[in-house]
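First the structure, in the form of structure tokens, and then the observations on it.
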Amino acid sequence: MQSEIIDKDLPLAESKIWHRHPVWFLDGNPTVGYSIQKLGVRLMFWSGADFGEQGLNVVGKKFKDASIFYQRVSEIDQEDLVRWLEKSKAIQWDYKNIVKRKGELVRLRCKG
């Protein structure tokens, strides 16, 4: 179900399996993905720490990612997901070139 909503709301994104997980990329930059972990299904936004969303309560320590865990599909709030996907288009950090920049993140977009 998550993938259908992501595909619909990020129509310009390329989706592929990356590091064994489904990930969506905008202009080659990882934006959103999910993985199965011990705590449940983790929905992660690479630049989510800057979304200003309390629902994305697991914030990465080294990068700008934020995520949420789900135990059941019924827990997914579609309005939240759509809002986060909109923010993922507007707020992005350059993960695509992080290796070239030796771990330094540069902001790509910050709209609205």
Side-chain angles (χ1 to χ4, degrees):
M1 177 187 244
Q2 287 181 131
S3 63
E4 294 166 359
I5 295 170
I6 296 168
D7 284 339
K8 179 180 165 278
D9 282 51
L10 295 179
L12 300 178
E14 173 190 9
S15 61
K16 61 184 175 181
I17 302 300
W18 192 49
H19 300 285
R20 299 186 322 191
H21 306 290
V23 176
W24 285 256
F25 295 78
L26 291 171
D27 297 323
N29 199 43
T31 304
V32 61
Y34 60 89
S35 61
I36 297 172
Q37 299 182 4
K38 288 182 181 181
L39 295 175
V41 176
R42 179 182 185 206
L43 176 64
M44 184 177 104
F45 292 89
W46 266 255
S47 301
D50 287 342
F51 291 3
E53 293 280 343
Q54 290 182 341
L56 296 173
N57 54 15
V58 180
V59 178
K61 299 202 182 347
K62 187 174 179 185
F63 299 114
K64 299 288 185 176
D65 62 296
S67 56
I68 185 171
F69 283 93
Y70 298 108
Q71 297 293 318
R72 293 172 210 68
V73 172
S74 62
E75 295 175 352
I76 300 169
D77 183 315
Q78 290 189 21
E79 288 181 19
D80 286 346
L81 179 54
V82 169
R83 187 176 62 255
W84 298 335
L85 290 167
E86 285 302 310
K87 288 184 177 189
S88 76
K89 291 185 267 187
I91 300 169
Q92 290 186 25
W93 288 83
D94 186 7
Y95 286 94
K96 179 170 107 177
N97 296 302
I98 196 168
V99 172
K100 182 170 53 173
R101 289 197 177 100
K102 298 180 180 164
E104 179 186 352
L105 278 175
V106 173
R107 185 171 232 143
L108 290 175
R109 297 182 184 126
C110 185
K111 303 175 198 165

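Residue numbers count from 1 along this sequence.
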Under 3.5 Å: donor-acceptor pair, side chain of Glu86, backbone of Val82: no
Ile68 and Trp84: CA distance, side-chain angles, deciding distance, side chain to side chain contact (heavy atoms under 4.5 Å, CB included) verdict: CA-CA 11 Å; Ile68 185 171; Trp84 298 335; 4.0 Å; yes
Pair Trp46-Asn29, side-chain donor/acceptor within less than 3.5 Å: no
Please list every donor-acceptor pair under 3.5 Å in which a side-chain atom of residues 6-22 meets a protein atom from a residue at least two apart or in another chain.
{"unit_1": "Asp7", "atom_1": "OD1", "unit_2": "Trp24", "atom_2": "NE1", "d": "2.8"}
{"unit_1": "His21", "atom_1": "NE2", "unit_2": "His19", "atom_2": "O", "d": "3.4"}

Side-chain heavy atoms of Phe45 within contact of Asp65, under 4.5 Å: no
Hydrophobic cluster membership, Ile36 vs Tyr34, 4.5 Å side-chain cutoff: yes
Closest non-hydrogen atom pair between Ala66 and Gly48, with its separation: CB-C, 3.4 Å
Side chain to side chain donor-acceptor pair (under 3.5 Å) partners for Lys87, two or more places apart: Glu53
Spacing of Lys64 atom NZ and Phe51 atom CZ [to the nearest 0.5 Å]: 12.5 Å
Main-chain N/O of Lys100 paired with Asn97 side-chain donor or acceptor, under 3.5 Å: no
Residues, nucleotides or ligands: over 12 heavy atoms within 6.0 Å of Glu79 CD: no
Interatomic distance, Leu81 atom CG to Ser88 atom OG [nearest 0.5 angstrom]: 9.0 Å
Between OG1 on residue Thr31 and NZ on residue Lys89, distance to nearest 0.5 Å: 10.5 Å
Non-hydrogen atoms of Ile76 and Tyr70 that approach each other most closely: CA-CE2, 3.7 Å
Least distance between heavy atoms, Leu105 atom then Phe63 atom: CD1-CD2, 3.9 Å
CZ/Arg101: more than 12 non-hydrogen atoms of other groups inside 6.0 Å: yes
Least distance between heavy atoms, Asp27 atom then Lys96 atom: O-NZ, 3.2 Å
Over all atoms of both residues, closest heavy-atom pair of Val23 and Pro30: CG1-CB, 4.1 Å
Ile5/Gln78 under side chain to side chain contact (heavy atoms under 4.5 Å, CB included): CA gap, chis, key distance, verdict: CA-CA 8 Å; Ile5 295 170; Gln78 290 189 21; 3.7 Å; yes
Closest contact, heavy atoms only, Val32 versus Leu43: CG2-CD1, 3.8 Å
Distance-only donor-acceptor check, side chains Arg42 and Ser35, under 3.5 Å: no
